[in-house]
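This report refers to the structure that appears directly beneath it.
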Amino acid sequence: MTKDRPKIDWDMLMRFGLGALGLAPSEFWKMTPREFDAAVKGKMGVFEDRAPLSRDAFAALSRDYPDGEKS
């Protein structure tokens, strides 16, 4: 029995790899998923993996920097 796997959006991955990263097709297809992930994060300026904000941290930010009119 085969487990259901998420469908890979190859068109989106190729657009980003060939377009935004400027990879040649041969470079794109030689990359491992881990290498591609690192290249994408580098391009996007993500240099650390961080956990999402907790509710308490979000509440503190909302309190310290409320939305609304500028004074």
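Note that the numbering runs from 1 along the sequence shown for the chain.
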At their closest point, which heavy atom of K30 faces which heavy atom of E35, and how far apart are they? O-OE1, 4.1 Å
Correct closest heavy-atom pair for L53 and A57 would be CD2-CB, 3.9 Å
With side-chain contact (heavy atoms from CB on, under 4.5 Å) as the criterion, how do L13 and F28 come out once you've worked through the C-alpha distance, each side chain's angles and the decisive distance to 0.1 Å? CA-CA 9 Å; L13 294 174; F28 173 82; 4.2 Å; yes
Taking the side chain as every heavy atom from C-beta outward, state whether L23 and M31 have any pair of such atoms under 4.5 Å apart. yes
